[in-house]
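For reference, the structure is listed below as structure tokens.
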Amino acid sequence: LSELAGALDPARSIVVTDAALRGRYGASFPPCPVIEVPAGEAAKQLSELGRVYEELARAGLDREGTIVAIGGGSVSDLAGFAAATWLRGVDFCAAPTTLLAMVDAALGGKNGVDLGGRKNLVGSWKLPRLVLCDVELLASLPDDEFASGMAEAIKHAVIEGGEHFAFLESECRSRPALDAARLDRLVGLSQAVKLGIVERDPRESGERRLLNLGHTIGHAVESATGLPHGHSVAAGLGAAFALASRRAGARRRGAVEADAARVASLLASWGLPASVSAARELALSRGPAAALASALRDDVAYRGAVAAALVSDKKRSGGVVRFALPEGIARVAIEPVALDELEAFVWEAP
Ligand SMILES: NC(=O)c1ccc[n+]([C@@H]2O[C@H](COP(=O)([O-])OP(=O)(O)OC[C@H]3O[C@@H](n4cnc5c(N)ncnc54)[C@H](O)[C@@H]3O)[C@@H](O)[C@H]2O)c1
């Protein structure tokens, strides 16, 4: 993290971070003004964006300036959007501090804030000039946040397969197993998958849709359960395998299910749910937020909430979703799936 100062002009840069991270790592921050935002998803609000703009104005950040996100995906989503829009766009750098942000959120240029309870409704594209990953920062990351990042890392390994998936399967099944060298390899392999895809399809007109693997159903599970992003994506990934198995012909079904079992076993070793029903059980065991609890206690109400969230999320897609369908490890296809079929599947999914 201390190398970041050398990659910037501190006199023309400003850091966006949260108070806890500043307290823990502030001594290694570049010597420039700091804007503190709330920790976690609470940062991704228009009101916070407004406050960031006001502080940028107070600090006089000009067109040659740089906004630097030091934090997880919530901080980089907010700061990236501020960088894309402040003075019609200034430079953006990120020093991700969560595993999820290192392997996913800080890369690829998507950013944004939530609106009216819906995630990422307002946002833009802004590629960072620099992403500096210091895996030592992960030492302080709580286990649950770490597992959430593992879900996105496992998603990338499912897309690529081969030695990448085998490495996760054999060497990345618990936190103590991840010494610095393995952690570096895990992050590097995962970044290579995302960056390769983003380079070939920056605006998600084709191949980049692969990165939505697990997210179509995962986002709906997230809004019905309140589980962390990665835990919900894990459930969406398991559900996508179940859908692929259902759609596979008799000749392929055994192979899809065998790969699905390997992925579910890897997810389970990180305490991640691998199905729509497992997400409900996990959310219930954690004592969910009051607003979600009554729907979670009843399976029919829960499935209804997941189906409603799915439909509201996808209703702009004209009745057909371009779905990332895992027909096996390293066999993810983009298939048109009718929204009606997806909704019906949510009611029957394991
Ligand atoms: N833009 C994208 O492409 C993209 C991709 C995936 C996810 N996201 C977004 O990312 C957000 C989730 O981000 P996240 O999972 O990185 O978590 P987060 O940014 O919400 O942070 C979660 C918590 O971890 C704490 N934390 C961060 N780093 C820490 C560290 N090193 N040690 C101790 N505590 C630390 C934070 O203070 C916060 O309390 C969601 O809003 C999601 O939508 C964006």
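Quick note: numbers below take in every heavy atom, side chains included, and nothing from hydrogens, waters or symmetry partners. Just so you know, ligand 1 is whichever comes first in the structure, and atom 1 is the first atom listed for that ligand. Heads up: numbering here begins at 1 and tracks the sequence. As the structure is a computational prediction, the values presented were derived from the model and not from experiment.
- Using a 4.0 Å cut-off between charged side-chain N and carboxylate O, Glu64 and Arg12 make no salt bridge.
- Between Phe29 and Ile70, the closest side-chain pair of non-hydrogen atoms falls below 4.5 Å.
- Protein heavy atom nearest atom 30 (C) of ligand 1, with residue, atom name and distance: Ser140 OG, 3.5 Å.
- Considering backbone and side-chain atoms together, Asn111 places no N or O closer than 3.5 Å to any N or O of ligand 1.
- The protein atom (non-hydrogen) at minimum distance from atom 26 (N) of ligand 1 is Leu141 CD1, 4.0 Å.
- The N/O atoms of Leu137, backbone and side chain alike, include one that comes under 3.5 Å of an N/O atom in ligand 1.
- Checked against Asp91 for a side chain to side chain donor-acceptor pair (under 3.5 Å), the options Arg63, Arg129, Lys126 give a single hit: Arg129.
- The backbone N or O of Leu21 lies less than 3.5 Å from a partner atom in the side chain of Asp18, making a donor-acceptor pair.
- When the heavy-atom distances from atom 27 (C) of ligand 1 to Thr98, Asp104, Val75 are ranked, the shortest goes to Thr98.
- Residue, atom and distance of the protein heavy atom nearest to atom 37 (O) of ligand 1 are Asp18 OD2, 2.7 Å.
- Selection from Ser148, Gly72, Gly73, Ala105 by nearest heavy atom to atom 8 (N) of ligand 1 gives Ala105.
- Taking each heavy atom of Asp77 and Ala105 in turn, the nearest pair found is OD1-O, 4.4 Å.
- Within the 4.0 Å heavy-atom criterion, the part of Asp77 lying near ligand 1 is the side chain and not the backbone.
- At least one heavy atom of Gly40 sits under 4.0 Å from some atom of ligand 1.
- Remark: Arg262 is not positioned above the aromatic ring of Phe165, lacking an NZ or CZ atom under 6.0 angstrom from the ring centre and at most 45 degrees off the axis.
- Under 4.0 Å is where a charged nitrogen must lie from a carboxylate oxygen, and between Arg51 and Glu54 no such pair does.
- Summary of contacts: the protein heavy atom closest to atom 23 (C) of ligand 1 is Glu145 OE2, 3.7 Å.
- Considering both main-chain and side-chain atoms, Lys110 comes within under 3.5 Å of ligand 1 through a nitrogen or oxygen pair.
- Counting only heavy atoms from C-beta outward, the side chains of Phe241 and Val158 approach each other to under 4.5 Å.
- Of the candidates Lys194, Glu41, Glu152, Lys194 brings a heavy atom nearest to atom 3 (O) of ligand 1.
- By the criterion of a heavy-atom distance under 4.0 Å, both the backbone and the side chain of Ser74 are placed next to ligand 1.
- The shortest contact between atom 28 (N) of ligand 1 and any protein heavy atom is with Thr97 OG1, 2.8 Å.
- The nearest heavy-atom contact from the protein to atom 34 (N) of ligand 1 is Pro142 CD, 4.0 Å.
- The shortest N or O to N or O distance between Lys119 and ligand 1 is under 3.5 Å.
- In this structure, the side chain of Arg182 engages the main chain of Ala177 through a donor-acceptor pair within 3.5 Å.
- Comment: Arg286 engages Asp144 in a salt bridge, judged by a side-chain N to carboxylate O separation of less than 4.0 angstrom.
- In this structure, the protein non-hydrogen atom closest to atom 39 (O) of ligand 1 is Ala39 CB, 3.5 Å.
- Contacts between Leu100 and ligand 1, counted as non-hydrogen atom pairs separated by less than 4.0 Å, involve the side chain only.
- Here the side chains of Lys194 and Asp104 are in contact, with some heavy-atom distance below 4.5 Å.
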